[in-house]
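Have a look at the structure below, then the notes.
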Protein chains: 2
Amino acid sequence: MHKKGIREVAHIAGVSISTVSRAFTRPELVSEKTRERVMEAASMLDFNISRSATALKSGQTFRVALLMNEEVTSWFNTQVFAGLNSVLHDAGYDISLFQHIDDAKNRESFFVNLPVLRNVDAVFVASFAIEPNEVEQLRRTHVPIIGINTPSSSAFDASISIDDEAGMFRAAQHMINLGHHKIVYTCSAAEESLEASIDARGRGFVRACEAAEGTHDIDWKVLSVPRGRDFADAALAAVLSEETFPDAICCQMDMMAIPLIIKLQRHGYYSPRDYSIIGFDDSAYADTVDLTTMRQDPFSMGATAAKKGLKLLRGEPLDEPHSIVEPRLVLRGTDARLEPDRPLER
Amino acid sequence: MHKKGIREVAHIAGVSISTVSRAFTRPELVSEKTRERVMEAASMLDFNISRSATALKSGQTFRVALLMNEEVTSWFNTQVFAGLNSVLHDAGYDISLFQHIDDAKNRESFFVNLPVLRNVDAVFVASFAIEPNEVEQLRRTHVPIIGINTPSSSAFDASISIDDEAGMFRAAQHMINLGHHKIVYTCSAAEESLEASIDARGRGFVRACEAAEGTHDIDWKVLSVPRGRDFADAALAAVLSEETFPDAICCQMDMMAIPLIIKLQRHGYYSPRDYSIIGFDDSAYADTVDLTTMRQDPFSMGATAAKKGLKLLRGEPLDEPHSIVEPRLVLRGTDARLEPDRPLER
DNA sequence: TTGAAAGCGGTACCAT
DNA sequence: ATGGTACCGCTTTCAA
């Protein structure tokens, strides 16, 4: 009872290995009692069909690659991963996670060695742009490539993206509609080499402000701070060192907005009493600090991407290969109308 | 150029398939120029060694299972996953993620069908207890089983756990040393059926308080609220409805402490002015709210577990199969000495 | 309904 | 240094 292979099971059950195989994968082709005997023998020997062998025989790998910049531990990436896994795991696929593709070295090595070549059935790209030549490299895998929040979707077989620009446009518009005059957008600077999906948000802000300039008395400004650990503190400093404190702050993401709210309190500025602030994401603690924000749902984006990938793998047609989802304004407590005749007291 | 197998590469390079195989897996056994020819042919045909075939031949699956209760999206689980992946990915292993093993249905189905049987090289169990009979089931996989923050480590081949009880003991002790009199512990109630690692924290709190009763004038209490989405609000209500507001709050985790700090402000209670509060985890935003807390590092626990798993897979001995790590007190701004002669003003 | 046998794409032993 | 060749464990015709 040392070797627990399909042969041993077949032998114990008194059938051929073909029958054992069928008992597991196409039970309807095997007679009731034969199947029972097989299953009994199998559980006696702790036998189970080997996915490796199935994979080899079928030509599939039952594995997909997920490429992301930064860590999987960021809110967005975690949600996307969980969403993908929620669909793919049950479909029999494992996710091979390639992190930090934003790092030049990793990136180079990934696209040159292409470890996924012949080793995954599909590739998912989360949240960053890939260069045309990199797309070309990826194409060599000859498997479906699905984008999730990638700046351009043209290179992908399918994609799902959130409309970052429209979302932030809407956020800024909301601030403008509230009657605010001095509006700032706080963001961490875009990576030089690597356009991320998130950078579109800044454009939405600018567009909304420019569009409103004719009809509203507004003074707007983009406060861009370096990336890195303490981008929130940098943003705080940037805001506090403005000549006049803003009425309204649009934040690139909740992870920027939440620290700002908390730390501005220590400097005597309370929202919505002294200023309105709006985030983007609706991520952890947004509800706790009562943050008005633009909600997106990366978990469901991951799940949707996975479903598209699965269809592609089965050769089924996609009714909508490239979908765009709109973030939704979630009104909570950090936005308030600026009353023109009742100036802020401090 | 349709079939891009090892034979085609061998043919184009004018060598045998053995040589192609060696060129990839044992390059030092192949002459310089031969290797070049092989690699050229390979890249021409977009060829790469198939992991499925390697897996089949080697008897390994190059896959490990990660079992967790709840979602992978929780702070702890995400960090553990990332830590595991940081080591395992480069070692050539993918992680097959089984979530929600806390759900009775999933649990039953998992341990009965045992989908991992013969399909993973190791099993990692994150943060929950498994019953003796479940361990027995798992044992049928005949692969190393590694525990991460599992209440008992005896059933595992290796484990790494954080000393939750000692950590909270220390946290409570710190509050006591600060001179606080009325100390509460806020926690979400333990799952009936499923002892989680985290439940040991409550015991640490109780032990610290009981030990101090003789020498200190303290009044302590455990405030347990139901699990679920709004456990933090429930804890808030529990704290506010105490007969006297506590001097000190020990929280089961930062996710409890952070909302408490923020929401107690709205009720006029500020830390450390009106009370001290200490968390557990040092998770996201703990630094932002300046929370004094007990730090643990689940990422590195994941990485350590992965390294142990890898050693086990190689048959190497473990110098310390079961390790315990101590959480560390991180002093920040939410704890302060209670001055006996200067009672709290409000 | 069941069995025999040919691979799937590598690896590694044994020769040369 | 390189080639020939049995497998690894399963799936899937094709026959019986």
Side-chain angles (χ1 to χ4, degrees), chain A residues 2-39 41-42 45-63 92 115-121 141-143, chain B residues 2-39 41-42 45-63 92 115-121 141-143:
Chain A
H2 194 210
K3 306 202 47 174
K4 51 206 174 119
I6 198 171
R7 296 151 204 282
E8 284 67 34
V9 176
H11 183 244
I12 302 244
V15 296
S16 71
I17 61 169
S18 319
T19 302
V20 176
S21 172
R22 279 189 284 254
F24 275 90
T25 52
R26 319 276 299 275
E28 70 279 10
L29 297 183
V30 175
S31 79
E32 179 71 25
K33 58 180 74 124
T34 306
R35 197 171 65 230
E36 269 174 21
R37 286 220 313 287
V38 170
M39 289 322 211
L45 296 185
D46 290 343
F47 172 85
N48 193 356
I49 293 292
S50 150
R51 290 182 65 195
S52 304
T54 304
L56 176 57
K57 179 64 187 179
S58 71
Q60 293 199 75
T61 66
F62 295 108
R63 211 179 294 123
V116 294
L117 193 54
R118 294 220 316 158
N119 282 319
V120 297
D121 296 331
T141 58
H142 307 294
V143 300
Chain B
H2 194 210
K3 308 202 45 172
K4 51 211 173 113
I6 198 172
R7 295 152 205 283
E8 285 66 34
V9 175
H11 183 244
I12 302 242
V15 296
S16 73
I17 61 169
S18 316
T19 301
V20 176
S21 174
R22 278 189 287 254
F24 276 88
T25 52
R26 319 276 299 277
E28 69 280 10
L29 297 183
V30 175
S31 79
E32 180 72 24
K33 59 179 74 119
T34 306
R35 198 170 63 231
E36 270 173 20
R37 285 220 312 289
V38 169
M39 289 322 208
L45 297 185
D46 290 342
F47 172 84
N48 194 358
I49 293 292
S50 151
R51 291 183 65 196
S52 303
T54 304
L56 176 58
K57 177 66 184 175
S58 72
Q60 293 199 76
T61 66
F62 295 109
R63 212 180 293 125
V116 295
L117 191 55
R118 293 219 318 155
N119 282 318
V120 297
D121 297 331
T141 59
H142 307 294
V143 300

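None of these values were measured; they are calculated from a predicted model. Convention: sequence-line order gives letters A, B, ...; per-chain numbering from 1.
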Discussion item. Walk me through whether Val143(A) and Asp121(A) qualify under side-chain contact (heavy atoms from CB on, under 4.5 Å).
Written reply: CA-CA 6 Å; Val143(A) 300; Asp121(A) 296 331; 5.5 Å; no
What donor-acceptor contacts under 3.5 angstrom involve side-chain atoms of residues 11-18 of chain A, with partners at least two apart or in another chain?
{"from": "Ser16(A)", "atom 1": "OG", "to": "Ser18(A)", "atom 2": "N", "distance (Å)": "3.4"}
{"from": "Ser16(A)", "atom 1": "OG", "to": "Thr19(A)", "atom 2": "N", "distance (Å)": "3.4"}
{"from": "Ser16(A)", "atom 1": "OG", "to": "Thr19(A)", "atom 2": "OG1", "distance (Å)": "3.3"}

For the atom pair [atom1] ([X]) and [atom2] ([Y]), what is the distance rounded to the nearest 0.5 Å?
X: Ile49(B); Y: Ile6(B); atom1: CD1; atom2: CD1; result: 5.0 Å
X: Asn119(A); Y: Thr54(B); atom1: CG; atom2: OG1; result: 8.0 Å
X: Glu8(B); Y: Phe47(B); atom1: CD; atom2: CZ; result: 9.5 Å

Separation of atom [atom1] in [X] from atom [atom2] in [N], rounded to whole Å:
X: Arg7(B); N: dT11(C); atom1: CZ; atom2: C1'; result: 13 Å
X: Phe47(B); N: dG9(C); atom1: CZ; atom2: P; result: 10 Å
X: His11(A); N: dG9(D); atom1: NE2; atom2: C1'; result: 18 Å
X: Asp46(A); N: dG9(D); atom1: CG; atom2: C1'; result: 17 Å
X: Asn48(A); N: dC10(D); atom1: CG; atom2: P; result: 9 Å
X: Leu117(A); N: dG9(C); atom1: CG; atom2: C1'; result: 14 Å

Discussion item. Taking any heavy-atom pair under 4.0 Å as a contact, classify Arg118(B): base, sugar-phosphate, or nothing.
Written reply: sugar-phosphate
Practice prompt. Classify the nucleic acid contact of Thr34(B) as base, sugar-phosphate or nothing, counting any heavy atom under 4.0 Å across all strands shown.
Written response: sugar-phosphate
Response to the item:
Contact string for nucleotides 11-16 of chain D, one letter per nucleotide 5' to 3', B = base within protein heavy-atom range under 4.0 Å, S = sugar-phosphate only, - = neither, reads BBB---
Discussion item. With a 4.0 Å cut-off on N to O distance, would you call Glu32(B) and Arg35(B) a salt bridge?
Written reply: yes
Discussion item. Return whichever of Ser31(B) or Leu56(B) has its heavy-atom-nearest nucleotide of DNA chain D closer to the 5' end.
Written reply: Ser31(B)
